[in-house]
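Reviewing the structure listed below.
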There are 2 protein chains.
Amino acid sequence: MKDAISVLRECHIQPTPQRIAVVDYVLNTRAHPSADEVLEHARKKCPTVSRATVYNTLNLMVKKGLLKTQLLKEGTVFFDPNMGKHHHFIDNETGDIYDIPWDHLQITEKERLKGFEISEYQVIMRGRRKKK
Amino acid sequence: MKDAISVLRECHIQPTPQRIAVVDYVLNTRAHPSADEVLEHARKKCPTVSRATVYNTLNLMVKKGLLKTQLLKEGTVFFDPNMGKHHHFIDNETGDIYDIPWDHLQITEKERLKGFEISEYQVIMRGRRKKK
DNA sequence: TCATCGTATTAGAATAAGTCTAAAATTAGA
DNA sequence: TCTAATTTTAGACTTATTCTAATACGATGA
């Protein structure tokens with residue numbers, strides 16, 4: 001459970017009630033919320049927070065390295081508080097997004113990728129969770 | 001070089017001048033065009049084609065299995081005529097998108113992913129092309 | 001305590017991708 | 001050729017996101 005105020009101070013961002021509400025939710029969830037979902041949750045703690053402030057805060061957090069954006073479905077960006085390397089699985093039926101631990105897959109370069117300087121990568125898997 | 005009219009006939013889609021212009025461009029490029037880029041190119045062959053028709057045709061092609069959508073950058077969907085399995089590399093500096101052949105990478109499941117029925121996957125890599 | 005100044009927040013306007021709609025145009029078939 | 005079905009179109013609409021300009025807040029120094 002990360003303390004929003006401490007995190008904000010460490011990043012030299014002034015802790016305001018609105019930012020605390022955003023950070024407190026987004027850094028302590030295992031979900032991959034959209035901006036709208038963050039807004040909805042942040043309003044439980046700070047009912048007056050505006051959409052613009054949520055976007056401002058999320059973008060600031062991305063810049064400070066507290067969040068990463070993920071492109072997993074058409075139409076919206078998702079904010080991912082899991083900053084360690086990991087892969088993703090998307091359930092096509094429910095839309096649910098799962099983190100897949102980095103060491104569960106091994107990627108080997110069989111053919112040298114000449115001319116490409118890879119700074120990051122991930123595997124994106126789609127399918128469905130097994131019933132039962 | 002795929003013949004647009006034959007492809008449309010095979011898919012039981014009526015070949016109209018507008019559709020031919022769209023299909024002819026999008027199935028014969030190695031790029032990963034956005035809808036807007038398809039519109040721009042299709043207008044070279046059929047100057048009157050509308051944005052709506054381009055979207056209609058592209059969506060129809062996706063449904064018929066002639067194209068795949070790819071989520072590679074924020075804000076737009078890209079249409080990919082390469083229907084074989086492959087991975088992607090995105091140059092963060094230029095925005096260029098490259099196909100990476102499927103057999104250049106080997107993905108091994110080290111830890112069994114229990115409960116996930118994976119129907120498709122790909123590796124998405126980001127970085128930059130090496131100068132030189 | 002109060003005034004001040006920079007920062008933060010806000011509502012709503014603006015933008016951009018994509019979908020929808022209803023009318024007009026085109027095509028296919030009898 | 002006539003009719004019905006299909007296709008195309010412009011523009012309205014929706015949704016995610018950014019921008020803007022006015023207001024509110026908060027820390028500081030007198």
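Proteins get letters first, then strands, A, B, ... in listed order; numbering begins at 1 in each.
A:Phe78 and A:His32 have their aromatic ring centers separated by at least 6.0 angstrom. Residues B:His86 and B:His104 keep their aromatic ring centres 6.0 Å or farther apart.
Counting non-hydrogen atoms of neighbouring residues, nucleotides and ligands closer than 6.0 angstrom, the CZ atom of A:Arg129 exceeds 12 such neighbours. The environment of B:Lys63 atom NZ is sparse: at most 12 non-hydrogen atoms of other residues, nucleotides or ligands sit within 6.0 angstrom.
Ranking D:dT17, D:dT18, D:dT9 by closeness to the A:Asn59 side chain, first place goes to D:dT18.
Residue-level contact check: A:Thr76 touches the backbone only, with heavy atoms under 4.0 Å from sugar-phosphate atoms and none from bases. Across all strands, B:Arg51 comes closer than 4.0 Å to no nucleic acid atom at all (heavy-atom distances).
When rounded to the nearest whole Å, the span between CD of A:Glu40 and C1' of D:dT15 equals 16 Å. As a whole-Å value, the separation of A:Arg19 CZ from D:dA24 P is 19 Å. Regarding A:Asn56, its CG atom lies at a distance of 12 Å from the C1' atom of D:dT20, rounded to whole Å. Between A:Asp36 atom CG and D:dT14 atom P there is a gap of 16 Å when expressed in whole angstrom units.
Reading DNA chain C from its 5' end, the first and the last nucleotide to sit under 4.0 Å from a heavy atom of chain A are C:dT7 to C:dA11.
Remark: A:Tyr55 is not in phosphate contact with D:dT18, judged by side-chain N or O atoms under 4.0 Å from OP1 or OP2.
Mapping B:Thr48 and B:Gln14 onto DNA chain D via the closest heavy atom, the residue that lands nearer the 5' end is B:Gln14.
One side chain, A:Asp96 or A:Thr94, offers a donor N or O that lies under 3.5 Å from an acceptor on the other.
A:Ile107 has its side chain out of reach of B:Gln106: every pair of non-hydrogen atoms, C-beta onward, lies at least 4.5 Å apart.
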